[in-house]
Colleague: 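First, the structure itself, so that you have it in front of you.
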Amino acid sequence: MPELPEVETIARALRPHLTGRTILGAQVSWARTLALPSARSFKHRIQGQQILEVGRRAKYLHMRLSRDSLLIHLRMTGDLSLGEASAAERFERLRLSLSRPAPEEAALTDRFLIFSDARKFGRVWLTSKPGLILDGLGPEPFSDEFTPAWLHAALKSRRRLLKPLLLDQTFLAGLGNIYTDEALHRARLHPLRSSDSIRPRQAQALWEAIRAVLEEGILNNGASLDWVYRGGEFQNHFRVYDQEGQPCPVCGAKIRRLVVGQRGTHFCPRCQRME
DNA sequence: CACGAGACCTGTTCGC
DNA sequence: TGCGAACAGGTCTCGT
């Protein structure tokens, strides 16, 4: 479930539990979860490091530790939870054991941070140079750098279909399949429009739509789908995503689905025209 | 540079 | 009921 709003929700939920605590050890149950370094050195190196800060960049959870950074990417089905029991969770891939919480947080009883991931696509990096992974990403949608003018210029500088371009994390960081479809619908732009055909007013509309959709996602604690559940509510606010055949909430036309860049793409054929 | 296909993985749902 | 196909919130790599 993890696009920007879901990762942001997770970061906010974990922050008060993790900040200041020390990682006592790591248990790896699916070795390929670790992108860097190997399981052996990961366990050795993470031991004893304190968690200084819990943040997010794009769809990465970024934990600053005393010596390294811990980056976690949930991909399709990854999930993070806090636990007290030592019994392994159903899809557990990695478990970090934590020091006791500070005395003023004595109410916290969790002892583990658990990474679960049914499809095993998620990855974790322990590195002293997080920039090598994060610096190539596009701007954060809520940063000052992301402006309507920037977006218009960036769209014009390429010749790509809107849908796949917005999914490209080196173009703009944080959008995934759900929020891209929702943003294009709000901006009344067809997903197959070529990026270099977008006029300034349309770029402005898209900019507003991207921010509005992500904001609404965060306010609703992200979207929960299928059996991967996080307590988010945004799935109840989808206007087009996964709504094939349903009436468009704006004009009543039937929402259509097509495949673009191998991703299911949902849009309103009346609101989102090709011109 | 842009695009499509195939990989990486497992679970659920749908159609016959 | 059973069984295969299609589908799933993401990203990387390779060939054209």
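Residue numbering restarts at 1 for every chain, and letters A, B, ... go by the order of the sequence lines. Small disclaimer: the values here were computed from a predicted structure and weren't measured. Note: hydrogens, waters and symmetry copies are ignored here, and every other heavy atom, side chains too, is used.
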Colleague: Under 4.0 Å, heavy atoms only, any strand: does A/L161 hit a base, just the sugar-phosphate, or nothing?
Modeller: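 Sugar-phosphate, backbone atoms only, no base.
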Colleague: Mind checking side chain to side chain donor-acceptor pair (under 3.5 Å) for A/H73 and listing every partner two or more places apart, or none if nothing turns up?
Modeller: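 Scan of A/H73 (side chain to side chain donor-acceptor pair (under 3.5 Å), adjacent residues dropped) gives none.
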Colleague: Rounded to the nearest angstrom, tell me the gap between atom CG in A/L165 and atom C1' in B/dC3.
Modeller: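 Rounded to the whole Å, the gap is 13 Å.
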Colleague: Could you state the CZ-P distance from A/F91 to C/dG9, rounded to the nearest angstrom?
Modeller: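 Roughly 18 Å, once rounded to whole Å.
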Colleague: Got a sec, which residues hit ring-ring contact (aromatic ring centres under 6.0 Å, His included) with A/H190, two or more places apart in sequence or on another chain?
Modeller: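 ring-ring contact (aromatic ring centres under 6.0 Å, His included) check on A/H190 returns A/F267.
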Colleague: Pick the P atom in B/dG11 and in C/dT11, then give their distance to the nearest Å.
Modeller: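 It comes out at 22 Å once rounded to the nearest Å.
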Colleague: What is the distance, to the nearest angstrom, from the CD atom on A/E92 to the P atom on B/dT10?
Modeller: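 Result: 16 Å.
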Colleague: Just to be sure I follow the notation: if a pair is Watson-Crick (purine N1 to pyrimidine N3 plus N6-O4 or O6-N4) or a G-U wobble (N1-O2 and O6-N3), each under 3.5 Å, what dot-bracket string does DNA chain B give, with | for pairs to another strand?
Modeller: .|||||||.|||||||
Colleague: Show every ring-ring contact (aromatic ring centres under 6.0 Å, His included) that has at least one partner inside residues 26-45 of chain A, sequence neighbours left out.
Modeller: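 Every pair satisfying ring-ring contact (aromatic ring centres under 6.0 Å, His included) with a residue in residues 26-45 of chain A: there are none.
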Colleague: Between B/dT10 atom P and A/L225 atom CG, what is the distance in whole Å?
Modeller: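 Between P of B/dT10 and CG of A/L225: 21 Å.
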Colleague: As a test of reading the structure: which of C/dA8, B/dC9, C/dG9 is closest to the side chain of A/R257, going by heavy atoms?
Modeller: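 For A/R257, the side-chain atoms sit closest to C/dA8.
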Colleague: Atom NZ of A/K163 to atom P of B/dG4: distance rounded to whole Å?
Modeller: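 Rounded to whole Å, this separation is 13 Å.
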Colleague: Side-chain heavy atoms under 4.5 Å apart, restricted to Ile/Leu/Val/Met/Phe/Trp/Tyr: what other residues fall into the cluster of A/W125, or is it alone?
Modeller: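 Members alongside A/W125: A/L36, A/Y60, A/L71, A/I133, A/L134, A/L137.
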Colleague: Report the residues that fulfil ring-ring contact (aromatic ring centres under 6.0 Å, His included) with A/H266, sequence neighbours left out, ordered by chain and then residue number.
Modeller: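 Here the qualifying residues are A/Y241.
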Colleague: Specify the separation, in whole Å, of atom CG of A/D168 and atom C1' of B/dC1.
Modeller: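 Rounded to whole Å, this separation is 12 Å.
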Colleague: Indicate whether any N or O donor in one side chain lies under 3.5 Å from an N or O acceptor in the other, for A/Q49 and A/D68.
Modeller: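 A/D68 and A/Q49 do have a side-chain donor-acceptor pair below 3.5 Å.
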Colleague: Assign a letter to each nucleotide of nucleotides 10-16 of chain C from its 5' end: B, base within under 4.0 Å of a protein heavy atom; S, sugar-phosphate only; -, no contact.
Modeller: BB-----
Colleague: Classify A/R123 by what it touches in the nucleic acid, base, sugar-phosphate, or nothing, heavy-atom distance under 4.0 Å.
Modeller: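 Answer is nothing: A/R123 stays at 4.0 Å or more from every strand.
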Colleague: Give me the other members of the hydrophobic cluster that A/V250 sits in, counting Ile, Leu, Val, Met, Phe, Trp and Tyr linked by side-chain heavy atoms under 4.5 Å, directly or via other members.
Modeller: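 For A/V250, no cluster forms, as it stays isolated from other hydrophobic side chains.
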Colleague: Answer yes when A/K156 and A/D196 have at least one side-chain N-carboxylate O distance shorter than 4.0 Å, and no when they do not.
Modeller: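 Salt bridge flag = no for A/D196 with A/K156.
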Colleague: Would you call A/R95 and A/E92 a salt bridge, using N to O less than 4.0 angstrom?
Modeller: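 Between A/E92 and A/R95 there is a salt bridge, with a charged N closer than 4.0 Å to a carboxylate O.
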Colleague: Hey, is the side chain of A/Y241 poking within less than 4.0 Å of OP1 or OP2 on C/dG9, counting only N and O atoms?
Modeller: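 Yes, A/Y241 has a side-chain N/O under 4.0 Å of OP1/OP2 on C/dG9.
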Colleague: Given the C1' atoms of B/dC3 and C/dA8, what is the spacing between them in whole Å?
Modeller: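 Approximately 22 Å lies between the C1' atom of B/dC3 and that of C/dA8.
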Colleague: Nearest-nucleotide wise, let me know which of A/G261 and A/K120 is further upstream toward the 5' end of DNA chain B.
Modeller: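 On the 5' side of the pair lies A/G261.
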Colleague: Nearest whole angstrom, please: distance from the C1' of C/dA8 to the CG of A/D181.
Modeller: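 Rounded to the whole Å, the gap is 14 Å.
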Colleague: Suppose we screen for ring-ring contact (aromatic ring centres under 6.0 Å, His included). Which residues come up paired with A/Y179, at least two apart in sequence or across chains?
Modeller: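 Once residues adjacent in sequence are excluded, the partners of A/Y179 under the ring-ring contact (aromatic ring centres under 6.0 Å, His included) criterion are A/F234.
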Colleague: Taking CZ from A/F171 and P from B/dA2, how many angstroms apart are they, rounded to a whole number?
Modeller: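 A/F171 atom CZ is separated from B/dA2 atom P by 11 Å.
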